[in-house]
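Everything numeric in this text was worked out from a predicted model, so none of it was measured. Order of the sequence lines fixes the chain letters, A, B, ..., with proteins taken first and strands second; residue numbering starts at 1 for each chain. Note that these values count all heavy atoms, side chains included, but never hydrogens, waters or copies made by symmetry.
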Number of protein chains: 2
Amino acid sequence: MLKRRKTPVEIKHTEPHLCSTALRLHILHEVSFFAGLEHTQIEEINRQFHEKGFEPGDYLYFAGDPADSLFIIAEGRVKLLRHTAAGKDVMLDLLIPGEFFGGLSTSSESTYLETAQALTSVCALTISREGFRAILNQYPTVGMQVLDLVTARLEAAHDTIHQLSAQTAEQRIAATLLTLAAKLGEPHEVGLLIQTPLSRDELAELTATTPETASRVISQFQRDGWIATGRQWIALADPEALRLTAEMEA
Amino acid sequence: MLKRRKTPVEIKHTEPHLCSTALRLHILHEVSFFAGLEHTQIEEINRQFHEKGFEPGDYLYFAGDPADSLFIIAEGRVKLLRHTAAGKDVMLDLLIPGEFFGGLSTSSESTYLETAQALTSVCALTISREGFRAILNQYPTVGMQVLDLVTARLEAAHDTIHQLSAQTAEQRIAATLLTLAAKLGEPHEVGLLIQTPLSRDELAELTATTPETASRVISQFQRDGWIATGRQWIALADPEALRLTAEMEA
DNA sequence: GCAGTTATCTGATCCAGATCATGGAATGAA
DNA sequence: TTCATTCCATGATCTGGATCAGATAACTGC
């Protein structure tokens with residue numbers, strides 16, 4: 001049995017159940033697709049948002065619920081998932097502050113196709129579908145930037161499909177760790193820490209494998225000295241080695 | 001050995017190497033995201049497009065090429081794919097007249113992330129990225145509709161990820177046949193014919209399996225009387241049975 | 001029609017990874 | 001501190017589907 005590390009890194013747990021007005025404005029300024037708008041315009045937009053707080057494990061909405069709202073994360077981590085027949089979930093995305101999700105499509109479906117669950121304490125800003133549509137109409141540059149973001153997500157989804165179709169579990173896990181580290185990595189003494197609680201189960205949901213396989217692969221990576229890990233956390237000690245594994249067999 | 005059917009259905013093979021002006025305008029009117037524009041506006045837009053013809057098997061572009069152009073299919077079938085290490089391709093989408101692809105993103109990447117290959121004779125309309133961006137700026141409603149289309153593709157990609165993560169090869173093939181039939185099915189005496197040349201190899205690329213497995217599953221479906229099939233074609237005789245298979249194990 | 005080529009079918013074997021099962025280690029509550 | 005809970009590691013076994021290897025049917029060009 002591998003000796004597990006006693007949480008050598010401190011997982012940041014912010015717990016703002018409700019966002020302060022300052023935070024709201026700050027977030028809306030940070031949101032990449034509002035870039036270029038005036039402060040007064042942001043304040044105007046801010047008035048159309050409502051805020052909601054969630055505890056870890058809470059569901060923001062379920063697949064099948066009426067899709068009235070679009071969400072923007074102000075604080076925390078949210079996972080987007082689909083349920084499977086056998087109760088195993090498939091994680092489609094892991095979202096961080098500044099990212100949007102939910103009822104985006106201006107026309108089309110009237111229900112959410114995915115479920116959104118809080119991984120940490122979360123403060124989310126919500127706006128009605130119509131309200132968001134109005135903003136897009138009013139500020140065409142915002143629409144263009146949203147289009148770019150959705151296009152980027154489509155490419156990411158295509159990457160995932162490619163991986164699932166053509167790579168081994170070990171390669172997918174290596175690639176996923178790199179992606180996560182790029183998105184929410186923070187330098188730490190033990191390596192680039194993936195700054196979110198992430199269990200073997202969740203890593204399995206994210207890579208279309210089982211918790212057992214995820215555990216075995218993670219153990220091997222640790223024996224190789226490529227990562228440091230413990231209960232619900234992983235830090236990359238040697239990203240380059242992971243990259244070589246992920247891109248192996250050219 | 002199964003008795004194979006001697007091409008009982010006639011695969012339509014249109015061969016317009018170049019599109020007529022009438023076809024070009026017709027297509028641009030058909031394209032869903034130009035809906036709502038005046039005829040004179042469409043004519044104006046039409047002048048910004050160039051046309052290119054391709055033969056079956058031709059590549060419209062390769063992953064890694066500079067992504068200057070956006071394509072709209074006027075005639076024919078195009079597959080979007082990624083190459084894998086081992087030479088096996090992964091098909092990400094199968095596009096029909098009226099659909100766009102290529103350099104969509106207004107900013108971001110400067111090279112195509114996917115390869116586009118003609119499955120039939122193809123006439124494609126192309127426009128520069130900047131030209132398309134200008135249209136989006138000029139007509140915000142077009143931008144909104146493009147956004148909806150990309151969002152719908154993202155949902156479709158998430159569906160695929162879900163399937164790859166949680167379903168058997170047989171289920172994925174059944175689901176894929178239904179999707180293809182919904183998109184390009186034509187009523188025929190033997191069933192709903194999937195109106196595109198589709199080999200076992202391509203079905204395998206589309207469902208992340210091998211040609212051998214695709215062949216076995218297709219043979220079984222035919223023995224069950226759910227489909228009629230032959231060299232490069234498949235028709236659905238009993239879509240409901242396929243649906244039950246695809247959604248099995250609830 | 002005939003020959004060569006390509007697509008398809010199918011049997012036999014093999015393996016990555018799922019499943020099943022169990023024990024140990026960190027965490028949180030009392 | 002101690003117990004209960006949750007998360008993680010790892011061995012043993014099993015299996016869906018990949019891989020390997022031919023054989024046969026349909027299509028193409030002459």
- Note on the structure: Contact string for nucleotides 15-20 of chain C, one letter per nucleotide 5' to 3', B = base within protein heavy-atom range under 4.0 Å, S = sugar-phosphate only, - = neither, reads --SSBB

- Message: How many whole angstroms separate atom CG of A:Leu164 from atom P of D:dA18?
- Response: 14 Å

Please set out all donor-acceptor pairs under 3.5 angstrom arising from side-chain atoms of residues 88-102 of chain B, sequence neighbours excluded.
| from | atom 1 | to | atom 2 | distance (Å) |
| --- | --- | --- | --- | --- |
| B:Asp89 | OD1 | B:His83 | ND1 | 2.9 |
| B:Glu99 | OE1 | B:Ile96 | N | 3.0 |
| B:Glu99 | OE1 | B:Lys183 | NZ | 2.9 |

- Partners meeting salt bridge (charged side-chain N to carboxylate O under 4.0 Å, His left out) with B:Glu170 (sequence neighbours left out): none

- Task: Give a yes/no answer on whether the side chain of A:Arg223 brings an N or O atom under 4.0 Å of OP1 or OP2 in D:dT10.
- Result: yes

- To 10°, what angle do the rotation axes through the five end pairs on each side of the helix from C:dG1-D:dC30 to C:dA30-D:dT1 form? 50°

- Query: Got a sec, which residues hit salt bridge (charged side-chain N to carboxylate O under 4.0 Å, His left out) with B:Arg24, two or more places apart in sequence or on another chain?
  - Reply: B:Glu51

- Query: Who pairs with B:Glu114 by side chain to side chain donor-acceptor pair (under 3.5 Å), at least two apart in sequence or on another chain?
  - Reply: A:His158, B:Arg82

Would you list the protein and nucleotides 28-30 of chain C atom pairs, both N or O, that sit under 3.5 Å from each other?
none

- Item | Non-neighbouring partners of A:Glu202 that pass salt bridge (charged side-chain N to carboxylate O under 4.0 Å, His left out), sequence neighbours left out | A:Lys79

- Note on the structure: Here the pair of heavy atoms bringing A:Ala237 nearest to A:Gly225 is CB-O, 3.7 Å

- Message: Given the structure, check if the side chain of A:Arg231 and the base of C:dA26 hold any donor-acceptor pair shorter than 3.5 Å.
- Response: yes

- Message: If you compare all heavy atoms of B:Ala228 against all heavy atoms of B:Trp233, which two are closest, and at what distance to 0.1 Å?
- Response: O-CZ3, 3.3 Å

- Between A:Thr196, A:Leu236, A:Ile234, A:Leu206, which is the residue that forms a side-chain contact (heavy atoms from CB on, under 4.5 Å) with A:Leu180? A:Leu206

- Just how far, in rounded Å, is C1' of D:dC7 from CG of A:Leu119? 16 Å

- Query: Could you state the CD1-C1' distance from B:Ile234 to C:dC9, rounded to the nearest angstrom?
  - Reply: 14 Å

- Note on the structure: Hits for side chain to side chain donor-acceptor pair (under 3.5 Å) against B:Thr126, two or more places apart or cross-chain, chain-then-number order -> none

- Message: Using a 4.0 Å cut-off on heavy atoms, which residues in residues 198-206 of chain A reach DNA chain D? List them by number, or say none.
- Response: A:Ser199, A:Arg200

- Query: What residues form a side chain to side chain donor-acceptor pair (under 3.5 Å) with B:Thr209, not counting sequence neighbours?
  - Reply: none

- Note on the structure: Separation between OG1 (A:Thr210) and CZ (A:Arg200), nearest 0.5 Å, reads 13.0 Å

- Check whether any side-chain N or O of B:Ser219 sits under 4.0 Å from OP1 or OP2 of C:dT10, and answer yes or no. yes

- Task: Return the value, rounded to whole Å, for the distance between atom CD1 of B:Ile173 and atom P of C:dC9.
- Result: 11 Å

- Item | Partner residues of A:Asp224 under the side chain to side chain donor-acceptor pair (under 3.5 Å) criterion, sequence neighbours left out | A:Gln220

- Does the gap between the ring centers of A:Tyr61 and A:Phe71 come in under 6.0 Å? yes

